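Step one of this worksheet: look at the structure below.
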Amino acid sequence: MNLYKYVSDKINEKLGATVNLESPRNREFGDFATNVAMVNVKSAGKNPRELATDYVAKLAELDFVENASVAGPGFINIKLRDDFIWKNVAAPEQITADKPLVIDMDYGAYNVAKSLHIGHLRTSIVGDTLYRLGRFLGHKMISYNHMGDWGRSMGFVIAWIERLHPDWPFFQSNFDPDGDYSKYTFDPAELDTYYPSAAALAKTDTAFLEHAQMITAELQQGHAGYNAIYNIFMPISLASMNKTVKSLNIVPFDNDLGERNAAKYTAPVEKMIRDKNLLVKSDGAEIIIVKRDTDNKPMPPVMFYNSRGAVPYDATDIMALYYRKITDNPDKVIYLTDKRQSLHFEQLFRVAELLNMFPADALEHIGYGTINGSDGKPFKTRDGNAAGLNDIIDMVRVAARARVAESGKKLDDETIDEIALAALKFNDLMHDLRSDYIFDPDSVTSFEGRTGPYILYTAVRLNSILKKAETNQKSEIVNHKLTVDERNLLIQIMDFERTVLTAFDNRATDLIANYAYDLCQLINTFYHNCPIMRDDIDDKTRAGRLHIVRVARDTLATAIDLMGLTVPREM
RNA sequence: GCGCCCAUGGCUCAAUUGGAUAGAGCAUUUGACUACGGAUCAAAAGGUUGAGGGUUCGAAUCCUUCUGGGCGCGCCA
């Protein structure tokens with residue numbers, strides 16, 4: 001149940017006020033606290049402690065209140081009755097948001113012919129958890145991997161292939177579009193080196209750069225040879241992306257539709273823009289002015305056609321939005337990208353408004369921070385290269401395997417992978433996604449303390465008890481007087497629903513991760529202090545504690561699933 | 001130049017969006033039933049929340065000035 005909401009509503013009803021209910025930081029103060037007396041002190045004309053005393057008398061009449069007391073400058077602390085807690089604590093169910101929405105989520109945004117690197121970690125992992133959260137709350141979530149598959153980088157890749165194989169038919173003037181080109185193929189790993197190599201060359205070789213830019217424009221305008229070679233490497237690259245997606249255990253994208261798909265809608269979108277007289281010629285390009293008189297900051301125009309006639313990402317993003325409008329017609333579109341792109345999205349949203357495509361509040365950009373190394377600069381491997389995502393996954397796996405070997409346990413590879421992935425993903429999820437954070441390989445691979453493996457370990461422990469207790473499956477709730485550890489755990493369990501709702505509302509995946517960690521701490525303390533299967537434990541206590549274990553396990557398992565992690569059978 | 005973001009124990013992060021004695025993890029020191037599984041638990045030590053000023057019952061959080069960092073500002077995404 002949403003304990004917080006229930007208690008909050010009852011108290012509001014009783015006091016005829018809007019109470020700001022909170023969980024006290026220090027659990028000894030009580031299960032809940034409120035500052036309502038301090039807030040209402042002005043209108044009441046009493047001092048806060050007097051007013052609080054009045055409130056306390058009323059609160060004591062509520063059937064779920066064990067006691068209520070005044071503390072400090074006028075806080076009211078409330079302790080719940082044991083039987084109320086016993087009666088209401090339950091495993092989480094699918095929660096339905098008040099108003100289920102259709103939500104398009106744009107994250108991932110992988111690039112063709114460029115392997116995933118550490119920059120894709122957050123968009124993938126956080127995007128996946130937001131997607132799962134939204135789904136859990138009953139929203140219709142539609143995910144888009146808005147691939148970089150049609151812009152400048154494609155010209156670079158093709159130019160690089162031409163450089164390697166100038167004799168290939170795709171680059172000849174007499175290219176036959178109906179020919180059989182099945183013998184031309186690429187090794188995925190090698191393909192991933194093409195774009196970086198080309199980009200590096202373009203920095204020094206202006207002629208190469210200009211040639212690549214021309215190829216981009218010609219590709220977009222239908223050049224047969226370029227399109228043919230594109231159609232060969234594109235699927236190879238996509239398969240490679242999806243392999244990484246799978247190894248990250250993120251929900252497959254509903255749509256792998258990127259810039260190329262969007263560009264199909266150039267004509268209707270251009271018409272919309274022209275109809276409103278928004279397209280302006282400038283330096284050979286065609287742009288949309290989005291600056292407003294009230295702006296006190298730089299607001300460059302949106303590029304629709306560049307001077308070579310190609311559609312850059314400014315334009316394809318408008319078209320992608322158009323595509324989503326005419327297909328999903330979503331209530332909301334949420335973009336999850338690096339925060340450095342926030343100006344771009346502000347521009348895009350202005351265009352959407354100018355075109356009456358979406359109101360401003362339907363579009364949302366969540367900008368996540370950079371993952372830095374211990375030097376405070378974007379994380380690189382020891383040899384100074386941008387760290388590949390597969391390399392990072394492997395690094396954590398190797399560490400996990402070593403850890404298992406050291407402990408003398410025998411776990412299969414699948415389990416080790418689950419542990420390693422948990423370490424990597426939890427480390428990402430626990431940070432405030434809008435801030436930069438430092439990625440410390442030693443800390444991520446330590447598997448101790450505030451880590452993914454700690455979370456999984458806790459779940460495995462609970463499963464282990466339940467397995468052991470299988471024989472006496474009394475599912476009825478036998479209540480006994482709660483110990484402090486039992487009580488703290490149950491209160492936290494009952495706060496799950498509020499946490500999930502708040503996390504989604506604030507697009508704050510760290511709330512789920514931190515909730516799970518706090519829950520695990522309480523579980524482990526309970527586990528340590530409250531024996532269950534030991535011979536000296538009476539049946540009533542055992543049955544009650546087993547019930548707690550079941551509910552705790554189910555709650556934790558739900559949180560783990562929302563984070564896209566898997567509980568191993570053993571560890 | 002204009003604009004946005006950040007600064008919290010030695011290190012990495014929190015702080016219920018203005019609430020009580022600023023909490024965790026790592027590292028350090030110490031302890032735990034020969035174990036419902038020790039990837040755990042318990043405890044100690046460690047803080048003028050970058051600096052100054054202001055707002056109020058109450059500030060890490062809001063305003064202001066300063067210092068130090070990061071990022072963005074038309075043909076990349």
Side-chain angles (χ1 to χ4, degrees), chain A residues 4 20-26 29 33 35 38-39 41-42 47-48 71-75 77 109 111 146 148 151-153 156 199 202 213 259 282-285 287 295-303 305-308 310 312-314 316-317 337-344 347 367 369-370 372 374 376-377 400 403-404 407 409 419 430-432 434-440 442-443 446-451 453-454 456-458 460-462 464-469 495 498-499 502 506 510-511 514 517-518 521 524-525 527-534 537 542 545 549 570-571:
Chain A
Y4 182 90
N20 177 21
L21 195 65
E22 49 194 61
S23 310
R25 289 202 184 136
N26 188 338
F29 287 134
N35 60 3
M38 281 135 79
V39 173
V41 71
K42 278 176 187 154
N47 77 49
F75 289 100
N77 292 321
N111 299 308
H146 186 68
R152 187 176 84 146
S153 55
F156 277 40
Q213 287 173 325
E259 297 168 340
S282 168
D283 294 336
I287 59 170
D295 284 334
N296 62 345
K297 61 180 174 184
M299 183 55 67
V302 169
M303 178 79 56
Y305 287 118
N306 69 20
S307 53
R308 287 171 297 278
Y313 81 119
D314 275 3
T316 47
D317 270 2
T337 77
D338 190 298
K339 66 184 175 189
R340 283 172 292 194
Q341 292 189 39
S342 55
L343 176 58
H344 164 68
Q347 294 175 287
T370 312
N372 290 330
S374 47
K377 291 174 184 164
R403 176 75 166 82
V404 171
S407 69
K409 291 174 183 167
I419 295 168
M430 71 185 222
H431 292 101
D432 173 356
R434 289 160 184 88
S435 311
D436 299 348
Y437 76 87
I438 293 180
F439 183 85
D440 176 8
D442 290 339
S443 141
S446 77
F447 310 128
E448 304 213 343
R450 195 183 194 88
T451 63
Y454 174 84
L456 298 187
Y457 179 75
T458 307
V460 168
R461 274 183 145 181
L462 296 183
S464 175
I465 297 176
L466 291 173
K467 198 175 167 191
K468 182 158 187 158
D495 208 21
R498 175 174 68 127
T499 304
T502 310
N506 295 329
D510 59 313
L511 291 182
N514 291 324
Y517 177 74
D518 291 342
Q521 280 201 316
N524 282 314
T525 301
Y527 176 91
H528 194 261
N529 293 339
C530 304
I532 300 165
M533 303 310 291
R534 227 166 57 187
I537 301 302
R542 175 175 298 158
R545 286 180 178 168
V549 169
E570 56 172 347
M571 69 182 278

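Order of the sequence lines sets the chain letters (A, B, ...), proteins ahead of strands, with each chain counted from 1. Source: prediction; values computed, not measured.
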Exercise for the section: Indicate whether OP1 or OP2 belonging to B/G70 is found under 4.0 Å from a side-chain N or O atom of A/Lys377. Expected result: no

Exercise for the section: Determine the Euclidean distance between corresponding P atoms of B/G53 and B/A14; express it in Å to zero decimal places. Expected result: 28 Å

Fill in the blank from the handout: Nearest-nucleotide check on RNA chain B, A/Lys297 vs A/Asp314; residue mapping nearer the 5' end is A/Lys297

Exercise for the section: Would you indicate which nucleotide in B/U17, B/G74, B/A20 comes nearest to any side-chain atom of A/Asn20? Expected result: B/U17

Practice task
Could you tell me whether the phosphate oxygens of B/C76, OP1 or OP2, come under 4.0 Å of any side-chain nitrogen or oxygen in A/Gln341?
Solution key: no

Practice task
Indicate, with a heavy-atom threshold strictly under 4.0 Å, whether A/Arg434 touches base, sugar-phosphate, or nothing.
Solution key: nothing

Exercise for the section: Under 4.0 Å between any heavy atoms, over every strand shown, what does A/Tyr437 touch: base, sugar-phosphate, or nothing? Just pick one. Expected result: sugar-phosphate

Exercise for the section: Remember a base hit wins even if backbone is also touched, and classify A/Asn296 as base, sugar-phosphate or nothing at under 4.0 Å, heavy atoms. Expected result: sugar-phosphate

Completion exercise
B/U61 -> Watson-Crick or G-U wobble partner, both distances under 3.5 Å, gives none

Handout entry: Inter-nucleotide C1' distance (B/C6, B/A60), Å rounded
Key = 13 Å

Problem - Any strand: nucleotide that pairs with B/C11 via Watson-Crick or wobble, under 3.5 Å - result: B/G25

Exercise for the section: Grab the CD1-C1' distance between A/Ile419 and B/U40 for me, whole Å please. Expected result: 15 Å

Practice task
Choose from B/A39, B/C41, B/G3 the nucleotide whose nearest atom is closest to any side-chain atom of A/Pro298.
Solution key: B/G3

Exercise for the section: Please check the phosphate of B/G37 (OP1 and OP2 only) for any side-chain N or O of A/Ser464 closer than 4.0 Å. Expected result: yes

Exercise for the section: Just call it for A/Ile438: base, sugar-phosphate, or nothing, with non-hydrogen atoms closer than 4.0 Å on any strand. Expected result: sugar-phosphate

Exercise for the section: Look at all strands and tell whether A/Tyr454 reaches a base, only sugar-phosphate, or nothing, counting heavy atoms closer than 4.0 Å. Expected result: sugar-phosphate

Practice task
Please state how far atom CD1 in A/Ile287 lies from atom P in B/C73, giving the value in whole angstrom units.
Solution key: 16 Å

Handout entry: base_contact_polar (B/A20 base, A/Asn77 side chain, donor-acceptor, <3.5 Å)
Key = yes

Practice task
Rounded to whole angstrom, note down the C1' distance from B/G37 over to B/A32.
Solution key: 16 Å

Completion exercise
Closest of B/A39, B/C36, B/C76 to the A/Glu448 side chain is B/A39

Practice task
With heavy atoms under 4.0 Å as the rule, sort A/Ile532 into base, sugar-phosphate or nothing.
Solution key: base

Exercise for the section: With rounding to the nearest 0.5 Å, note down the distance linking OH in A/Tyr457 to CG in A/Leu462. Expected result: 11.0 Å

Problem - Phosphate OP1/OP2 of B/G25: any A/Gln521 side-chain N/O under 4.0 Å - result: yes

Handout entry: Distance, rounded to the nearest Å, where A/Arg461 contributes CZ and B/G37 contributes P
Key = 8 Å

Problem - Under 3.5 Å donor-acceptor pair, A/Ser282 side-chain atoms to B/G74 base atoms - result: yes

Completion exercise
In whole angstroms, the gap separating P of B/A14 from NE2 of A/His431 amounts to 6 Å

Practice task
Could you work out which one of B/G1, B/A32, B/C36 sits closest to the side chain of A/Lys468?
Solution key: B/C36

Fill in the blank from the handout: Minimal heavy-atom distance between A/Gly151 and A/Glu259, with the atoms involved, is N-OE1, 3.2 Å

Problem - Rounded distance [0.5 Å steps], OH in A/Tyr313 versus CD in A/Gln341 - result: 6.0 Å

Handout entry: Sugar-phosphate only, base, or nothing, as touched by A/Val302 at under 4.0 Å among non-hydrogen atoms
Key = nothing

Fill in the blank from the handout: Testing B/C75, B/A20, B/C5 for proximity to the side chain of A/Ser307, the answer is B/C75

Handout entry: Whole-angstrom distance between B/C62 and B/G25, as gauged at atom P
Key = 27 Å

Practice task
Determine the contact category for A/Gly449: base if any of its heavy atoms lies under 4.0 Å from a base atom, sugar-phosphate if only primed atoms, P, OP1 or OP2 are that close, otherwise nothing.
Solution key: sugar-phosphate

Handout entry: Counter-base of B/U49, judged by Watson-Crick or G-U geometry with both distances under 3.5 Å
Key = none

Practice task
Give me the ring orientation class for A/Tyr437 and A/His431: parallel if the planes are under 30° apart, tilted from 30 to 60°, perpendicular past 60°.
Solution key: parallel

Problem - Base partner of B/G74, which must satisfy Watson-Crick or wobble distances under 3.5 Å - result: none

Exercise for the section: Look at all strands and tell whether A/Ala109 reaches a base, only sugar-phosphate, or nothing, counting heavy atoms closer than 4.0 Å. Expected result: nothing

Handout entry: Atom of A/Thr502, atom of A/Leu511 and distance for their closest heavy-atom approach
Key = CG2-CD1, 3.9 Å

Handout entry: Quiz item: A/His528 side-chain donor-acceptor pair to B/C33 base, under 3.5 Å
Key = yes

Completion exercise
Regarding the side chain of A/Pro300, the nearest nucleotide among B/G1, B/G74, B/C13 is B/G74

Handout entry: Separation between the P atoms of B/A20 and B/A59, rounded to whole Å
Key = 10 Å

Exercise for the section: Compare the minimum distances between each of B/U40, B/C75, B/G37 and the side chain of A/Tyr527, then state the nucleotide with the smallest one. Expected result: B/G37

Problem - Minimum-distance nucleotide (side-chain atoms of A/Val460 versus B/C76, B/G37, B/G74) - result: B/G37

Practice task
Measure across A/Ala285 and A/Ser307 and return the closest heavy-atom pair with its distance rounded to 0.1 Å.
Solution key: CB-N, 3.9 Å

Exercise for the section: Report yes or no: is there a donor-acceptor pair, N or O only, under 3.5 Å between the side chain of A/Asn35 and the base of B/G19? Expected result: yes

Exercise for the section: Indicate, with a heavy-atom threshold strictly under 4.0 Å, whether A/Asp283 touches base, sugar-phosphate, or nothing. Expected result: base

Exercise for the section: Tell me which nucleotide among B/G74, B/G25, B/C2 gets nearest to the side chain of A/Pro301. Expected result: B/G74

Exercise for the section: Name the orientation of the base relative to the sugar in B/U28: syn if the glycosidic angle is within 90° of 0, else anti. Expected result: anti

Exercise for the section: Return the nearest nucleotide to the side chain of A/Ala285; candidates are B/A20, B/C75, B/C36. Expected result: B/C75

Practice task
Would you say whether A/Phe75 stacks on B/A20? The test is a distance between ring centres of less than 5.5 Å and an angle between planes of less than 30°.
Solution key: yes

Exercise for the section: Under 4.0 Å between any heavy atoms, over every strand shown, what does A/Pro312 touch: base, sugar-phosphate, or nothing? Just pick one. Expected result: sugar-phosphate

Fill in the blank from the handout: For A/Ala33 and A/Pro24 the tightest heavy-atom approach is N-CD, 3.9 Å

Practice task
Check A/Leu343 against A/Pro300 and note the closest heavy-atom contact, atom names and distance.
Solution key: CD2-CD, 4.0 Å

Problem - Phosphate contact (B/A42 OP1 or OP2) by A/Thr525 side-chain N/O below 4.0 Å - result: yes

Handout entry: Whole-angstrom distance between B/A45 and B/A24, as gauged at atom P
Key = 13 Å

Practice task
Give a yes/no on whether any side-chain N or O of A/Tyr517 is located under 4.0 angstrom from OP1 or OP2 of B/G23.
Solution key: no

Handout entry: Any strand: nucleotide that pairs with B/U16 via Watson-Crick or wobble, under 3.5 Å
Key = none

Exercise for the section: Tell me which of A/Cys530 and A/Gly284 sits closer to the 5' end of RNA chain B, going by the nucleotide each one is nearest to. Expected result: A/Cys530

Handout entry: B/U8 and B/G69, which share atom name P, separated by this distance in whole Å
Key = 14 Å

Handout entry: Heavy-atom pair of closest approach, residues A/Met571 and A/Pro453
Key = CE-O, 3.6 Å

Exercise for the section: May I ask you to check if A/Arg403 and A/Phe447 form a cation-pi contact, with NZ or CZ under 6.0 angstrom from the six-membered ring centre and within 45° of the axis? Expected result: no

Exercise for the section: Kindly say if A/Tyr313 contacts the phosphate of B/A77, meaning a side-chain N or O under 4.0 Å from OP1 or OP2. Expected result: no

Problem - P atoms of B/A22 and B/U48, separation to the nearest Å - result: 12 Å

